[in-house]
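The basis for the numbers below is simple: all heavy atoms, side chains too, and nothing from hydrogens, waters or symmetry mates. Here is the naming used below: chain letters follow the sequence lines, and residue numbers restart at 1 for every chain.
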Amino acid sequence: MPELPEVETVRAGLEAHVVGRTIASARVGGARAARRSLGGARHLEEGLAGAHVAAAVRRGKFVWLTLADADGTDGATGTGAAPHPAPDVDRSALLFHLGMSGQLLVRGAPDAVDLPQPRHLAARLSFTDGGVLDFVDQRTFGYLALDPLVPTADGGPGGDAGSGTAGPEVPAQVAHIARDLLDPTLDLAALVRRFRLRRTTIKRALLDQTLASGVGNIYADEALWRAKVHPERALAGMAPATVRRVLERAAEVMRQALVQGGTSFDALYVNVNGASGYFDRSLAVYGQQGRPCPRCEARIARLVFANRSSHVCPRCQRAPSPTPR
DNA sequence: AGACGCTCCTGCATGC
DNA sequence: TGCATGCAGGAGCGTC
């Protein structure tokens with residue numbers, strides 16, 4: 001499952017291999033992959049044709065390519081005589097969410113037309129230099145969208161409720177997503193305060209992308225284990241230092257995973273390094289039920305709540321008392 | 001507003 | 001052997 005480290009690895013791959021190129025044409029497999037794109041697949045295809053890729057940007061688990069009109073000539077390639085004017089792509093981004101199984105594959109083949117279509121191909125971008133970017137998604141939770149860029153409210157230091165506050169602009173669909181835990185401008189103290197206002201459990205809050213983004217089920221479990229905090233503990237009344245420790249451990253484990261993810265992609269393959277990738281050797285609790293805790297050797301347990309699984313060491317992570325008050 | 005259950009989807013593991 | 005069932009999960013959405 002791609003979480004922040006995996007998506008950042010993808011972003012770096014896009015930056016290295018896609019930024020600076022110009023899209024000749026795009027083919028979007030079906031309505032589902034384009035379900036979040038205004039106007040649907042056709043509009044997406046029309047808008048992308050001729051667009052220049054200016055940058056690869058990420059927030060949390062969202063990654064996008066900022067686009068610019070490839071100066072002058074509209075209808076750069078033969079998408080046929082488009083009856084509608086091509087959408088203005090200048091203030092837009094091509095947004096990707098990888099969902100559970102999305103992959104972006106960069107192909108250098110000089111003749112894209114002859115490339116075999118991978119199973120579960122959701123979209124294919126062909127560049128003017130002959131290369132190809134494939135979006136492959138087995139479980140179809142992922143999507144791509146042509147989305148207008150909107151300014152983000154920048155709270156800066158002291159801005160309180162300002163969950164957002166990233167770079168100057170983000171795709172409209174990302175506007176409500178908070179800065180992620182590896183964002184250098186993240187205000188950790190303010191985040192701790194926001195967490196402690198929530199009337200829910202620490203794990204639910206960790207997974208809430210409007211509080212802090214990038215953490216998914218795997219790294220949430222790992223962070224809580226490292227911090228020795230039970231996932232079902234209520235935030236209300238939790239010591240600020242404890243909340244802070246959890247957030248710091250989450251950042252730490254994602255940073256470590258990123259180092260490993262970053263080494264695992266080569267020139268032509270933008271890797272999605274999920275649980276089945278390299279970092280799984282380093283997982284202490286996720287998917288380790290029945291195995292000994294690396295710290296104390298108690299058996300790792302798997303809990304289910306909110307229709308999701310959590311993995312804990314029953315000795316290191318003390319369960320909350322069954323009836324608070 | 002915030003909290004939370006439900007839903008989308010496919011491949012694989014498990015069970016009978 | 002073959003079919004049915006369950007499970008995995010991000011995040012939008014509806015409901016209270």
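- Checked for salt-bridge contact, A:Lys203 and A:Asp221 meet the test: a charged N lies under 4.0 Å from a carboxylate O.
- Under the stacking definition used here (centres under 5.5 Å, planes under 30°), the residue A:Phe141 fails to qualify as stacked on the base of C:dA11.
- Between A:Gln117 and A:Arg124 the shortest heavy-atom distance is CA-NH2, 4.1 Å.
- For the pair A:Asn217 CG and C:dA11 P, the computed distance is 12 Å after rounding to whole Å.
- In terms of position on DNA chain B, the residue among A:Leu197 and A:Arg119 whose nearest nucleotide sits closer to the 5' end is A:Leu197.
- Distances from the side chain of A:Arg36 to the nucleotides B:dC8, B:dG11, C:dC13 place C:dC13 closest.
- Among the nucleotides B:dG5, C:dG9, C:dA11, the one closest to any side-chain atom of A:Arg204 is B:dG5.
- Distances from the side chain of A:Arg199 to the nucleotides B:dT10, C:dG9, B:dA3 place B:dA3 closest.
- Within the 4.0 Å cut-off from OP1 or OP2 of B:dC8, not a single side-chain nitrogen or oxygen of A:Thr140 is found.
- Checking C:dG12, B:dC8, C:dG10 against every side-chain atom of A:His97, the shortest atom distance belongs to C:dG10.
- The side chain of A:His176 contributes an N or O atom lying less than 4.0 Å from OP1 or OP2 of C:dG12.
- Ring planes of A:Tyr143 and A:His97: parallel class, angle under 30° (limits at 30 and 60°).
- Judged by distance alone with a 3.5 Å cut-off, no donor-acceptor contact links the side chain of A:Arg35 to the base of C:dG12.
- Base pairing annotation: C:dT1 forms no Watson-Crick or G-U wobble pair, as no partner gives both donor-acceptor distances under 3.5 Å.
- For A:Arg198 and B:dA3, the shortest distance from a side-chain N or O to OP1 or OP2 is below 4.0 Å.
- Looking at heavy atoms from C-beta onward, A:Glu222 lies out of side-chain contact with A:Ser282 at the 4.5 angstrom threshold.
- Note on A:Gln138: every side-chain N or O is 4.0 Å or more away from OP1 and OP2 of B:dT10.
- Candidate nucleotides B:dA3, C:dG12, C:dG10 were compared by shortest atom distance to the side chain of A:Thr200, and B:dA3 ranks first.
- A donor-acceptor contact shorter than 3.5 Å links the side chain of A:Glu6 to the backbone of A:Glu3.
- A straight line from OH of A:Tyr143 to P of C:dG10 spans 13 Å, rounded to a whole angstrom.
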